[in-house]
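What follows is one structure encoded as structure tokens, with my remarks underneath.
For the numbers below, each heavy atom of this structure counts, side chains included, while hydrogens, waters and symmetry mates do not.
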Amino acid sequence: IIRLAALSLFATAGLTASPVKADSPAQTCAARPVIVSLANKILDGREGLRRLQKRRFGADAAYLLIRYGDLDEVEVTVLLDTIKDEQVTGSDELRTTYRIANGSQPLEGIEAVYALNGNKISLLRSLILRDHGVRFIEFARQTYPQFGDIGTLTVEDTFALQVTIALADVPDETRAKVIATAERMGEMQIALTLLADQSDLSAFREMAALHPNHRVLRDPDWFPENYWASVRTQNAPIFLNHTGGSFSKELRARYFQIRKADYHFGPPGFLGTFVNTTGKEHIISDVAAGVNDLIADGWLDPKKRPEQAWISTYRQLVERMGQQAVDAGLKFARADWHFAKGQVMRDTIHNAIATQALSDYVSGKAAALPDRPSLFPSNAVTRWKDWTRIATLLRKGSAETLVQEADVLAGIQLAFAAGQLQTAVELTERGLPKPRALRVLKQLMKRLDQGCGAYLWQNGTGHSAVLPLYRFPVKH
């Protein structure tokens with residue numbers, strides 16, 4: 001595996017721009033060398049694992065190594081070829097995505113079935129941006145003869161969702177070129193959905209007026225926000241001149257606020273599922289609207305400061321519903337996001353409350369242990385004592401005395417919250433079995449990336465947001 005030679009975990013001198021990211025935010029990010037080191041640790045740490053275990057790790061690490069490291073084109077090629085030969089999950093899509101983006105992969109050499117099958121969001125993004133969507137639409141028609149059929153729902157809906165997610169980070173001007181291609185080639189659902197995601201809705205209104213009989217415009221239950229369109233740029237749903245439908249305008253407006261908040265929260269977004277487990281959409285939508293306002297005003301940033309956003313939302317829900325009811329409704333997991341695999345959202349938020357309360361004590365900024373936060377469950381006094389015991393050990397520099405896996409995981413979270421990244425990494429490598437350690441190192445790497453270039457971050461929740469989206473600058 002290609003490594004960056006002699007790069008200390010916290011060294012910053014001598015880092016030069018990679019050809020992949022000449023003007024990227026990664027160049028000035030203080031955590032850049034740590035991300036590079038973690039990526040290398042993950043790639044190298046796979047040695048000794050069983051074949052199937054080994055294949056589960058490496059694609060995300062390789063991607064961030066390309067985005068943050070100093071690899072030249074030859075080194076990138078060797079890295080991507082190596083993990084592909086090892087059959088690392090996602091490596092083939094990562095390699096093809098990179099080659100399409102940098103122009104070394106001719107579009108004529110890509111098979112339609114390969115490109116469109118398997119939810120390859122990353123590949124679709126590079127493919128669409130290479131020629132503003134022409135080849136993508138040709139592939140769709142070639143692979144699915146019913147694509148574009150006014151009576152067909154599934155295929156067009158799926159692609160509208162994937163394209164909206166894939167292009168969420170591009171400027172409106174770039175998205176407008178893809179919209180123009182879709183309109184010219186007669187793929188109106190993709191065009192309309194992307195137009196609904198633009199900041200200025202005037203072009204959407206114009207196209208809707210020109211094609212009033214299109215299937216989606218006649219469907220009273222076609223909502224752009226179901227495709228994650230419009231929640232990024234608008235503060236209320238886009239209403240068409242429909243009558244009837246399964247949602248009243250008031251109900252749809254409430255769900256829009258919930259959808260918008262979950263969009264900001266990214267993969268850990270929990271309000272939509274929380275509505276399903278509690279049925280309290282009135283209360284939850286009010287809380288979501290308030291959270292959206294705080295995000296818009298810059299008081300909350302779920303991407304760079306996720307714990308703060310979770311705790312703020314949780315506090316408002318508790319004030320409206322009571323802690324027992326809220327905790328009962330948060331007993332569902334968010335896969336592959338938190339430090340403990342399979343951890344339910346309730347416990348994730350409780351842990352965030354503990355780490356936020358204790359981080360200054362661990363780092364030495366606070367002289368004394370804080371009292372148990374009022375939001376930390378009153379029926380979990382023993383758990384709070386465990387947190388304070390672990391925080392005290394970290395403050396004393398005695399992290400090596402943590403042995404039980406639960407204590408180690410808590411110590412990693414506390415060290416990370418206190419900015420003691422080296423301690424968090426050492427705890428992970430020493431205190432966890434290798435497969436679990438690699439998962440936690442991956443989470444640390446992804447969390448640091450969120451505060452820098454956010455190259456692995458996706459807005460929205462659900463299946464599409466769990467899939468990695470590898471983004472590279474695309475040469476035309």
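Side-chain contact check for Ile258 versus Val275: some heavy-atom pair is nearer than 4.5 Å. Inter-residue side-chain proximity for Arg56 and Pro435 is flagged as unmet; no heavy-atom pair is nearer than 4.5 Å. The side-chain heavy atoms of Thr348 and Leu330, taken from C-beta on, include no pair separated by under 4.5 Å. Trp310 is listed as a side-chain neighbour of Met345, based on a closest heavy-atom distance under 4.5 Å. Between Phe223 and Val216, every side-chain heavy-atom pair lies at or beyond the 4.5 Å cut-off. Side-chain contact between Trp387 and Asn351 is present, with at least one heavy-atom pair separated by less than 4.5 Å. With a 4.5 Å cut-off on side-chain heavy atoms, Asn235 and Asn292 do not count as touching. Here the side chains of Lys41 and Val425 are in contact, with some heavy-atom distance below 4.5 Å.
Not one N or O on the side chain of Ser230 forms a donor-acceptor pair closer than 3.5 Å with the backbone of Ala196. Checking side-chain atoms of Arg175 against main-chain N and O of Val170 turns up a donor-acceptor pair under 3.5 Å. Arg46 places a side-chain N or O within 3.5 Å of a backbone atom of Leu43 that can act as its donor or acceptor partner. The closest donor-acceptor contact from the side chain of Thr143 to the backbone of Ala140 lies at 3.5 Å or more, if one exists at all. With Thr392 contributing its side chain and Thr388 its backbone, the two residues share a donor-acceptor pair below 3.5 Å. Looking at Asn459, its side chain never comes within 3.5 Å of a backbone N or O of Gly266 through a donor-acceptor pair. Distance alone, capped at 3.5 Å, is enough to place a donor-acceptor pair between the Gln413 side chain and the Leu409 backbone. A donor-acceptor pair under 3.5 Å links the side-chain atoms of Arg259 to the main chain of Asn226, judged by distance alone. Distance alone, capped at 3.5 Å, is enough to place a donor-acceptor pair between the Ser126 side chain and the Thr97 backbone. Looking at Asp262, its side chain does come within 3.5 Å of a backbone N or O of Gly272 through a donor-acceptor pair.
We find the CG-OH distance between Leu94 and Tyr98 to be 10.0 Å, quoted to the nearest 0.5 Å. To the nearest 0.5 Å, atoms CG (Leu64) and CG (Asp60) are separated by 6.5 Å. Separation of atoms CG (Leu123) and CD (Gln162) is listed at 11.0 Å; rounding is to 0.5 Å. Taking CG from Leu251 and CD from Glu281, the interatomic distance works out to 6.0 Å, rounded to the nearest 0.5 Å. Atom CG of Asp286 and atom CG of Leu317 lie 10.5 Å apart (nearest 0.5 Å). Distance check: Leu441 CG to Leu38 CG gives 6.0 Å after rounding to the nearest 0.5 Å.
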Go through the steps to decide whether Asp327 and Tyr314 satisfy the test side chain to side chain donor-acceptor pair (under 3.5 Å), and finish with yes or no. CA-CA 9 Å; Asp327 285 351; Tyr314 179 75; 2.6 Å; yes

Audit row: Asp157, Leu161, side chain to side chain contact (heavy atoms under 4.5 Å, CB included) steps and yes/no: CA-CA 6 Å; Asp157 286 348; Leu161 172 63; over 6 Å; no

So Ile412 and Thr423, side chain to side chain contact (heavy atoms under 4.5 Å, CB included) or not? Walk me through it. CA-CA 8 Å; Ile412 293 167; Thr423 298; over 6 Å; no

Test side chain to side chain donor-acceptor pair (under 3.5 Å) on Asp197 and Thr164; report intermediate values, then the result. CA-CA 8 Å; Asp197 206 35; Thr164 303; 5.9 Å; no

Test Leu444 against Val34 for side chain to side chain contact (heavy atoms under 4.5 Å, CB included), laying out the working first. CA-CA 10 Å; Leu444 292 171; Val34 191; over 6 Å; no

Which is it for Lys280 and Met321 under the side chain to side chain contact (heavy atoms under 4.5 Å, CB included) test, yes or no, and what are the steps along the way? CA-CA 9 Å; Lys280 303 291 186 181; Met321 296 174 58; 3.8 Å; yes

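Shown here for Thr355 and Ala352, the closest heavy-atom pair between the two residues is OG1-O, 3.1 Å. The two atoms that bring Leu124 and Ala115 nearest to each other are CD2-O, 3.9 Å, heavy atoms only. Nearest heavy atoms, Gln323 versus Phe376: NE2-C, 4.4 Å. For the residue pair Leu394 and Ala415, the shortest heavy atom distance occurs at CD1-N, 4.0 Å. Heavy-atom minimum distance, Leu469 versus Ile165: CD2-O, 3.9 Å. Thr193 approaches Ala229 most closely through the heavy-atom pair O-CB, 3.5 Å.
Remark: Arg125 fails to qualify as a cation-pi partner of Phe472 under the 6.0 Å distance and 45° angle criteria applied to the six-membered ring. Cation-pi check for Lys120 over Tyr114 is met; the charged atom lies under 6.0 angstrom from the ring centroid and within 45 degrees of its normal. With Tyr455 as the aromatic partner, Arg471 does not meet the cation-pi criteria of under 6.0 angstrom to the ring centre and within 45 degrees of the ring axis.
Counting heavy-atom neighbours within 6.0 Å of Gln324 CD, excluding the residue itself, gives a total of 12 or less. More than 12 heavy atoms of other shown residues, nucleotides or ligands fall within 6.0 angstrom of atom NZ in Lys434. Counting non-hydrogen atoms of neighbouring residues, nucleotides and ligands closer than 6.0 angstrom, the CG atom of Asp297 exceeds 12 such neighbours.
Here Arg51 does not pair with Glu86 in a salt bridge; the nearest charged N to carboxylate O distance is not below 4.0 Å. Residues Lys260 and Glu225 are not paired through a salt bridge, judged by the lack of any N-O separation under 4.0 Å between the basic side chain and the carboxylate. Between Arg389 and Asp386 a salt bridge is recorded (basic side-chain N to carboxylate O distance below 4.0 Å). A salt bridge is defined here as a Lys NZ or Arg NE, NH1 or NH2 lying under 4.0 Å from an Asp or Glu carboxylate O, and Glu319 with Arg315 fails to meet this definition. Ionic pairing of Glu307 and Arg447 is present here: one or more N-O contacts between side-chain nitrogen and carboxylate oxygen are shorter than 4.0 angstrom.
Residues passing the salt bridge (charged side-chain N to carboxylate O under 4.0 Å, His left out) test with Arg95 are Asp81, sequence neighbours excluded. Scored by the side-chain hydrogen bond (donor to acceptor under 3.5 Å, both in side chains) test, Gln234 finds no partners at all (sequence neighbours excluded). Annotation: ring pair (Phe, Tyr, Trp, His ring centres under 6.0 Å) contacts of Tyr470 (sequence neighbours excluded): Tyr63.
Ring centers of Phe332 and Phe270: at least 6.0 Å apart, outside the cut-off.
Gln87 and Asp92 are not linked by any side-chain donor-acceptor pair at a separation below 3.5 angstrom, with hydrogens and angles left out of the test. Counting only N and O atoms by type, the side chains of Gln189 and Arg215 include a donor and acceptor under 3.5 Å apart. Residues Asp301 and His264 bring no donor and acceptor atom of their side chains to less than 3.5 Å of each other.
The aromatic rings of Trp222 and Tyr227 lie tilted to each other, with the angle between the two planes from 30° to 60°.
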